[in-house]
Amino acid sequence: MFADLHVHLEALGEPVRAMLDNIADCGVTHTALQVLTKYGICENLAALYWKTHYDRMHVYAFGGLHQFDCFGDIPYEEQAEALLELGADGMKFLDMKPDFRKRLGKGICDPSYDRMFSLLEERQVPVLIHSGDPETFWDPDWVTDYHKKVGWFYGDGSFLTSEEIYGEVFARLDKHPKLQVTLAHFFFLSNKPEEAVRVMETYPNVRFDLTPGGEMYLGFSKDIDFWHDFFVKYQDRILFGTDSNANKAINASLNTFVRQALTHPRQEFTGNCYGPMTIRGLDLPEDVVDKITFGNFAAFAGEHPKPVSADGFRAAAEKVYDCIRNDPEQADSTAWLTEIRRA
Ligand SMILES: [Zn+2]
């Protein structure tokens with residue numbers, strides 16, 4: 001058994017199958033599709049669709065909120081409830097990634113999220129939140145040209161600071177101590193060991209995932225003995241992830257890289273994480289690795305994916321279709337919907 005918690009779609013149809021094959025070929029048995037509805041109105045439907053149309057792995061779907069499309073005015077708690085009824089296994093939030101946070105003009109501490117987080121806490125629904133980004137994305141001397149080009153340089157004064165982002169997340173976590181939440185990309189704390197410990201100690205229902213950001217592994221390598229002990233101590237609250245998606249040619253190498261980081265002896269080795277990267281292995285015992293690569297996922301997301309409501313799915317597909325069928329910008333989504341509505 002092997003679980004990858006953190007996988008995205010970035011496509012709707014057959015390219016998703018090819019990606020899932022890619023992941024299954026790495027030995028993954030359980031995977032969770034994390035919806036980022038900023039890529040399209042159909043993404044929740046696609047994630048649910050692939051739960052029932054892919055049989056080489058157990059596929060889970062973490063739904064995303066509609067915020068900029070024709071369903072954007074529906075209160076978040078109603079959206080979450082509808083997704084869970086349809087068969088979503090959890091919820092994913094990109095809302096605290098600095099560029100998305102800027103576009104939203106509000107963070108997850110905003111009152112519009114109150115009822116939804118209460119519902120998710122009450123029902124113990126697993127939640128994955130991307131909060132912040134590597135510190136270098138705020139630093140004009142360190143940010144790469146690539147990250148500038150994709151809009152991930154946050155140092156021009158128009159974005160929240162890293163501290164402000166963390167503050168908003170903590171405000172939400174403080175209100176919902178029983179919320180079952182995984183903070184993606186190790187909460188970008190591998191350069192702040194003391195803060196990582198503080199978060200783990202303060203919020204017992206918080207977990208971190210290991211999805212690269214390769215900078216995370218460079219951070220671990222700076223004090224590998226400390227991080228080895230951290231992983232052993234918090235072995236029940238760290239989860240494997242890759243950020244695989246249908247547009248990436250490197251899904252398999254990301255899987256290999258994270259595995260190597262967990263198991264390799266503490267001396268340096270060069271792996272492939274968005275290019276060659278020299279890091280130290282965490283040298284973890286096998287039982288700890290087993291938890292990180294499966295047991296913790298099962299405890300968090302469930303041992304089996306939730307069933308999808310076929311009637312609910314059909315009705316939701318009709319609703320989305322009605323909303324976009326006359327919109328030329330939604331041609332790809334409309335074509336996919338037309339195809340699955342026929343099937
Ligand atoms: Zn991601």
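Both backbone and side-chain heavy atoms feed into the values below; hydrogens, waters and symmetry mates do not. Small disclaimer: the values here were computed from a predicted structure and weren't measured. Order of appearance sets the numbers: ligands from 1, and atoms from 1 within every ligand. Heads up: numbering here begins at 1 and tracks the sequence.
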Using the ring-ring contact (aromatic ring centres under 6.0 Å, His included) rule, collect all pairs that involve residues 8-32, keeping only residues at least two apart or in two chains. His6-His8, His30-His58, His30-Phe294
Got a sec, which pairs hit ring-ring contact (aromatic ring centres under 6.0 Å, His included) with one end in residues 71-90, sequence neighbours left out? His66-Phe71, Tyr76-Tyr113
Could you grab the protein N, O or S atoms closer than 2.8 Å to the Zn ion (ligand 1) for me? His6 NE2, His8 NE2, Asp243 OD1
Pair Glu201-Tyr234, side-chain donor/acceptor within less than 3.5 Å: yes
For the residue pair His185 and His130, does the interplanar ring angle fall in the parallel (under 30°), tilted (30 to 60°) or perpendicular (over 60°) class? perpendicular
Do any pairs count as a disulfide (SG to SG under 2.5 Å) and have a residue in residues 274-343, sequence neighbours left out, and if so which ones? Cys70-Cys323
Looking at Arg56 and Asp25, is any side-chain nitrogen of the basic one under 4.0 Å from a carboxylate oxygen of the acidic one? yes
